[in-house]
Amino acid sequence: MIHHINESHKGETLNANHSSVLYTVYSNRHQQTAVNSGSIADISNCFCVISHWSLSIVKMKLSKNIRELTLSGRVGFDSLPDQLVNKAKGKGFDFNILCIGETGIGKSTLMETLFNTKFDSAPAPHTQPSVSLKSESYELVESNVQMNLTIVDTVGYGDQVNQEGASKPIVEFINKQFFLFFEEELKTSRCLELYKDTRIHACLYFISPTGHGLKPIDLLTLKLLDGKVNIIPIIAKADALCSSELQKLKMSIMADLKAGGVHIYVFPTEDGEGKIEKGIMYPLAVVGGRDLVQVGVKTVRGRQYPWGTVEVENEAHCDFVKLRELLIRTNIEDLRELTHQCHYELYRKTRLEKMGFKDENLNGKPLSVFDDLNDQVSRLQDEMAKESEVVVEANGKRLEEEDAKADQVIKQMQSKFDVTRMEMEEEMLKLEESKKELHDEMAEFQRLSVQHQMEKLSTSHRTLSLGTFRKPRKSS
Ligand code: GDP
């Protein structure tokens, strides 16, 4: 489905509104459209494809009205593809593969088999509490061409009892890589030439050979990945199935994918040599093997069993060779291009729309970016003014309410205070009265006590004057 976009747009201007120059590179063996509105350097990304083709015509088109002229002699601009190839050779290219599959399904083995090298990655245990993504980068050089390969592994995928959230980190990872590129693109001083592209170009989805089709977790993850990456489902450990079982499984997987509305990456049916790749039955079923085994006089990569040998590179045994051909030899550039032109474009479009950018105004007229920006700024200013009005009004109301509440509280406190004061004053009066009574009583008491003293004194004088002092008689 994704590839159909590519095929159906051969020779067309995909973003004709914005492109100032359209370079269409025709090959006499294969046709590929490299559309770009940017610099020549952007087109250099196509070097992988171009290096395989013998280029015959390079056309520059601005509109349908442009006349085609025949040159009377060689000028030299036909060396453009060579210039691009040389330039691209120098800086190398990024290719990022995401491997999704349960722990132990054979991801690392297949990667090592595909690139014919040992990557030194430690096997993950089955004890991970959640899914995490581990990415490792390598520099591989073949005939002076450098590939900056990044392999991203889904550690712990399928290991949890509850697998509901297993796909979330994967989707987040993919979106994050798009965001990083988007951020770089928006920078004032950006350097996309030197930018390490981390966007996923190919997503190998490893399907277990033990089921009768796709498991719910497979379908859920694939559905979430649809439209975000080039999905390449593969049946892992295909040596676990006999041919008839493999065919059945392939058919049931394709039926599940169709029913689930999942669009997978369909490899272009022509290879670099122009011959049609026939008999590809998706998904490809592969066998991985790190060991070299002896089969007759040949030493081959394979897996040795007590009953015989499974040869990884034998097309009668599995689809490994097809996968390597289609993935690495013929379609790296197609995968990179689709990632940039379809998946990243979709992300960018959605992101910009979320930010409020649009290509047309309300009347359906095209807007330039600056008009759009001005529109956004005035819209934001209007929104801010409205919001501040609302805030001021709300604050005013709130203050009024608070004032009224405070007044009420003050009134309540005042009346309480008045009551208390009156009570206190009454109390004071009572106290004053009691004090006065006490004073009176004390004065009365004093008076009485003085009187009593006086009386006592007068009584004692009388006794002394009235009585006769007699000396006691002496007894004879
Ligand atoms: P990963 O955890 O998904 O990276 O799995 P590994 O690549 O570490 O492989 C786990 C085990 O599966 C190893 O013992 C491999 O030898 C074995 N294995 C890998 N590929 C195949 C295959 O195609 N067929 C069979 N039968 N075993 C395989």
Side-chain angles (χ1 to χ4, degrees), residues 96-138 149-160 163 166-167 169-170 173 200 202-211 214-215 217-218 221-222 225 231-243 245-247 249-250 253 281-293 295 300-325 327-328:
N96 309 319
I97 302 179
L98 168 64
C99 295
I100 308 179
E102 301 156 18
T103 310
I105 202 165
K107 300 184 293 291
S108 327
T109 312
L110 187 76
M111 284 300 108
E112 291 188 6
T113 320
L114 268 177
F115 290 97
N116 207 4
T117 190
K118 177 114 191 71
F119 287 127
D120 291 331
S121 55
H126 287 277
T127 50
Q128 300 291 325
S130 60
V131 178
S132 59
L133 284 99
K134 186 179 84 176
S135 93
E136 309 244 16
S137 296
Y138 311 90
L149 174 71
T150 299
I151 298 174
V152 185
D153 191 2
T154 47
V155 182
Y157 185 78
D159 282 339
Q160 294 79 39
Q163 299 188 356
S167 341
I170 303 173
F173 179 87
I200 299 298
C203 164
L204 293 183
Y205 194 91
F206 290 67
I207 300 164
S208 163
T210 50
L214 289 176
K215 294 178 188 162
I217 174 81
D218 297 330
T221 308
L222 289 168
L225 295 180
I231 302 171
I232 305 170
I234 48 175
I235 299 173
K237 298 188 178 181
D239 53 330
L241 298 166
C242 68
S243 329
E245 285 172 333
L246 199 57
Q247 265 205 333
L249 182 61
K250 283 186 174 194
I253 289 171
M281 195 173 169
Y282 291 100
L284 297 176
V286 294
V287 174
R290 294 176 170 110
D291 302 334
L292 292 173
V293 291
V295 177
V300 295
R301 196 172 280 280
R303 306 186 69 83
Q304 186 112 52
Y305 294 107
W307 39 263
T309 302
V310 177
E311 294 172 40
V312 170
E313 295 179 29
N314 185 336
E315 293 204 48
H317 292 191
C318 71
D319 300 327
F320 173 81
V321 174
K322 268 194 194 108
L323 177 70
R324 190 177 56 193
E325 284 281 326
L327 180 67
I328 303 174

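Just so you know, ligand 1 is whichever comes first in the structure, and atom 1 is the first atom listed for that ligand.
Which of V312, D239, T113 comes nearest to atom 26 (N) of ligand 1 through a heavy atom is settled by distance: it is D239.
The shortest contact between atom 25 (C) of ligand 1 and any protein heavy atom is with R303 NE, 3.3 Å. When hydrogens are left out, the protein atom nearest atom 5 (O) of ligand 1 is G106 N, 3.1 Å; that is the closest non-hydrogen contact. Given atom 22 (C) of ligand 1, the protein heavy atom at minimum distance is K237 CG, 3.5 Å. The protein heavy atom nearest to atom 6 (P) of ligand 1 is T109 OG1, 3.5 Å.
Residue-level proximity to ligand 1 for E102 is carried by the backbone, the only part with a heavy atom below 4.0 angstrom.
Partner L98 forms a side-chain contact (heavy atoms from CB on, under 4.5 Å) with one of L204, L133, D153 and no other, that one being L133.
Contact check for V286 versus L114: no side-chain heavy atoms found under the 4.5 Å cut-off.
Closest approach of E112 to F119, counting heavy atoms only: OE2-N, 3.3 Å. Minimum heavy-atom separation, A285 to A238: CB-CB, 3.6 Å. Between P129 and Q160 the shortest heavy-atom distance is O-CG, 3.3 Å. For the pair L222 and L214, the tightest heavy-atom approach, listed with the atom from each and the gap, is CD1-CD1, 4.2 Å.
The distance criterion of under 3.5 Å between nitrogen or oxygen atoms is met by K107 with respect to ligand 1. The distance criterion of under 3.5 Å between nitrogen or oxygen atoms is met by G288 with respect to ligand 1. Checking only distances, V286 never comes within under 3.5 Å of ligand 1, N or O to N or O.
Looking only at distances, no side-chain donor or acceptor of K134 sits under 3.5 Å from a matching main-chain atom of V155. When atom types are taken as modelled, the side chain of R301 and the backbone of E311 share no donor-acceptor pair closer than 3.5 angstrom. In this structure, N314 contributes its side chain and A316 its backbone to a donor-acceptor pair below 3.5 Å.
T221 and Y157 share a donor-acceptor pair across their side chains, judged by distance under 3.5 Å alone.
Annotation: Q247, atom CD; neighbour count of heavy atoms from other residues, nucleotides and ligands within 6.0 Å does not exceed 12.
Protein heavy atoms come within 4.0 Å of atom 3 (O) of ligand 1. In this structure, atom 28 (C) of ligand 1 is in close contact with the protein, since a protein heavy atom lies within 4.0 Å of it.
Set against the non-hydrogen atoms of V287, the atoms of ligand 1 under 4.0 Å away are 23 (O). Residue S108 approaches ligand 1 through these ligand atoms, each under 4.0 Å from one of its heavy atoms: 1 (P), 4 (O), 7 (O). Residue contact check: Y305 has heavy atoms under 4.0 Å from atoms 25 (C), 26 (N) of ligand 1.
Distances shorter than 4.0 angstrom do not occur between any heavy atom of E112 and any atom of ligand 1. At a 4.0 Å cut-off, at least one heavy atom of G104 sits close enough to ligand 1 to count as contact. Within the 4.0 Å heavy-atom shell around ligand 1 one does not find Y157.
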